[in-house]
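Have a look at the structure below before the remarks.
Along the sequence shown, residues carry numbers from 1.
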Amino acid sequence: MTRDEPASLDVLATEFADKLTLLTRGVLGEDSPRFHAIETGHRLRVAPIKADERSRRIPISINGEPCLSLLVCYYCCWDGSSTFLATDQADIRLFYDRTPDPLLRFEYVRGSNEPPGAHIQVHAHRDEMAYLLRLAEAGRPKQGLKRRKLPRLSEMHLPVGGHRMRPALEDVLLFLHREFAVDVVPGWRNVIRDHLHEWRRLQLKSAVRDSPDDAAEVLRAMGYLVEPPKVRGPRPAPDAVKLFWP
C-alpha cells in the first residue's frame, strides 16, 4: 500500500489491535495477551483471542495476587463516510478471579440511543466491591445502597457522556489503579497518558465533524482564520448526529 492509497478496514483494525496490545502491556506487563483483529461478517472483532477464536481474559493482580481480569472486545466497522475506522460495539467487563459474572460492564453500542449508547452496568454486590477495596487498602469508604424491591443494578444502564465522550479502556485501567491499586509496570502512567491523549483527540475530531459550524465559530473567536468550503458536502439529519445522542 502506498502513502496515497486508503488503508483497508482490516489494516486499520489490526493497527487498532496493536495499539491496545501496547496499552495493556505497557500498563499491566508483557504477560498481557495480544489483541487480534478477525473478520465477523461486515465487522471486525478486536480482542485478545485464543486459537479457537474465543476471547481471552486479561489477568490483573493486586499486591502480586491475581484476583481480577478484564474481558475486552471491540467490533469495528467503517464510519458513515467509509473513511475512518469506527467502533460499532465495545464491551469491557471486569471480573473477580474466575467468577462467571462480571462486577462491572463498560459498554458502547453505536446504533443505540435508548438505552444510552455508552453506559455502565453494575453487577457486583456492595460486599464484593468492599472486599476489593480492603484488599488494596485503598479507596474511600462507600455507603451502602438502601435496597428495596427495585430492579437489580445490573439491569440499569448508567449514562457516561454519550457516543463521543464515552470512557475508553484507558479510563478503565486508571479506575482499577486508583480504586483497587492493581499491579502495574514501570512507566505505566506515561503509557496511559499517551494513549488517552490520542483517544481524546480522536473523539474531538469526530465531534468536530459532527458539528463543524460550532468548531469554526470557536476557532474564529480564538483568532483563527476559518473559511467555509466552496462546496458543502451532504450533512446528516440532526437526529442522526451522534454528538447529540445520549
Side-chain angles (χ1 to χ4, degrees), residues 16-36 46-50 54-74 87 89-108 118-145 153-154 156 158 160-161 165-200 202-203:
F16 179 46
D18 290 342
K19 288 182 181 179
L20 293 174
T21 300
L22 289 173
L23 169 64
T24 51
R25 290 183 175 178
V27 174
L28 302 172
E30 290 297 320
D31 291 337
S32 294
R34 173 175 288 280
F35 283 75
H36 298 275
V46 176
I49 298 171
K50 299 178 181 178
R54 289 189 302 168
S55 294
R56 296 178 59 186
R57 293 191 190 181
I58 301 171
I60 299 174
S61 298
I62 298 177
N63 294 329
E65 178 185 348
C67 56
L68 293 171
S69 63
L70 281 175
L71 191 65
V72 181
C73 183
Y74 294 85
T87 298
Q89 184 176 343
D91 192 359
I92 302 173
R93 303 186 183 195
L94 174 66
F95 292 88
Y96 173 69
D97 200 19
R98 298 180 182 274
T99 56
D101 295 323
L103 299 170
L104 300 169
R105 290 161 57 194
F106 298 79
E107 294 193 338
Y108 172 65
H119 57 260
I120 297 174
Q121 290 178 261
V122 182
H123 292 246
H125 296 288
R126 183 190 63 208
D127 293 344
E128 293 172 324
M129 301 299 280
Y131 170 74
L132 288 170
L133 290 171
R134 288 197 302 270
L135 183 64
E137 297 182 351
R140 298 179 298 276
K142 302 292 193 298
Q143 186 175 9
L145 294 173
L153 283 175
S154 60
M156 300 175 66
L158 306 178
V160 288
M165 309 305 174
R166 66 188 188 271
L169 179 56
E170 294 86 343
D171 296 289
V172 177
L173 294 171
L174 280 170
F175 158 75
L176 292 175
H177 184 268
R178 180 179 63 249
E179 299 295 339
F180 303 136
V182 302
D183 297 345
V184 293
V185 298
W188 72 275
R189 193 174 291 278
N190 289 336
V191 173
I192 287 273
R193 180 199 62 206
D194 292 345
H195 282 261
L196 193 57
H197 285 191
E198 182 179 359
W199 164 254
R200 296 278 170 85
L202 182 67
Q203 292 304 97

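- The side-chain contact (heavy atoms from CB on, under 4.5 Å) check on P167 picks up V160, D171, with sequence neighbours excluded.
- Taking CG of D97 as the start and CD of E65 as the end, the distance is 8.0 Å to the nearest 0.5 Å.
- Residues passing the salt bridge (charged side-chain N to carboxylate O under 4.0 Å, His left out) test with D91 are R93, sequence neighbours excluded.
- For R166, the side-chain contact (heavy atoms from CB on, under 4.5 Å) partners are T87, Y108, A118, W199, Q203, not counting sequence neighbours.
- Relative ring orientation between H177 and W188 is described as tilted, the plane-to-plane angle lying within the 30° to 60° band.
- Partners of S55 under the side chain to side chain donor-acceptor pair (under 3.5 Å) rule, at least two apart in sequence or in another chain, are R45.
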Practice item. Evaluate the side chain to side chain contact (heavy atoms under 4.5 Å, CB included) criterion for residues T24 and L70: first the C-alpha distance (whole Å), next the side-chain angles of each, then the deciding distance (0.1 Å), finally the verdict. Key: CA-CA 10 Å; T24 51; L70 281 175; over 6 Å; no
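- Of the residues listed (D18, L20, I49), the one engaging F35 in a side chain to side chain contact (heavy atoms under 4.5 Å, CB included) is L20, and it is the only one.
- Partners of T99 according to the side-chain contact (heavy atoms from CB on, under 4.5 Å) rule, which considers only residues two or more places apart in sequence or in another chain, are Y96.
- Although no hydrogens or angles enter the test, the distance criterion places a donor-acceptor pair under 3.5 Å between the side chain of D183 and the main chain of N63.
- Pairs of residues two or more places apart, or lying in two chains, never qualify as salt bridge (Lys or Arg N to Asp or Glu O under 4.0 Å) while including a residue from residues 22-31.
- Nearest heavy-atom pair, I58 versus S32, reported as atom, atom and distance to 0.1 Å: CG2-OG, 3.9 Å.
- Looking at residues two or more places apart in sequence or on another chain, you find a side chain to side chain donor-acceptor pair (under 3.5 Å) between R193 and N190.
- Taking the side chain to side chain donor-acceptor pair (under 3.5 Å) definition, one finds that E170 meets it with nothing, sequence neighbours left out.
- In this structure F106 satisfies the ring pair (Phe, Tyr, Trp, His ring centres under 6.0 Å) test with no other residue, sequence neighbours excluded.
- Annotation: salt bridge (charged side-chain N to carboxylate O under 4.0 Å, His left out) contacts of R56 (sequence neighbours excluded): none.
- Scored by the side-chain contact (heavy atoms from CB on, under 4.5 Å) test, R57 finds S69, L71, F95 as partners (sequence neighbours excluded).
- In this structure a side-chain-to-backbone donor-acceptor pair under 3.5 Å is missing from T21 to R34.
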Exercise for review: Apply the test side chain to side chain contact (heavy atoms under 4.5 Å, CB included) to residues L104 and V172: give CA-CA distance (whole Å), side-chain angles for both, the deciding distance (0.1 Å), then the verdict.
Suggested key: CA-CA 10 Å; L104 300 169; V172 177; over 6 Å; no
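- Here the closest heavy-atom approach between residue V72 and residue A47 is recorded as O-CB, 3.2 Å.
- A pairwise comparison of heavy atoms in L22 and V191 identifies O-CG1, 4.0 Å as the closest pair.
- Applying the side chain to side chain donor-acceptor pair (under 3.5 Å) test to K19 and every residue at least two apart in sequence or in another chain returns E198.
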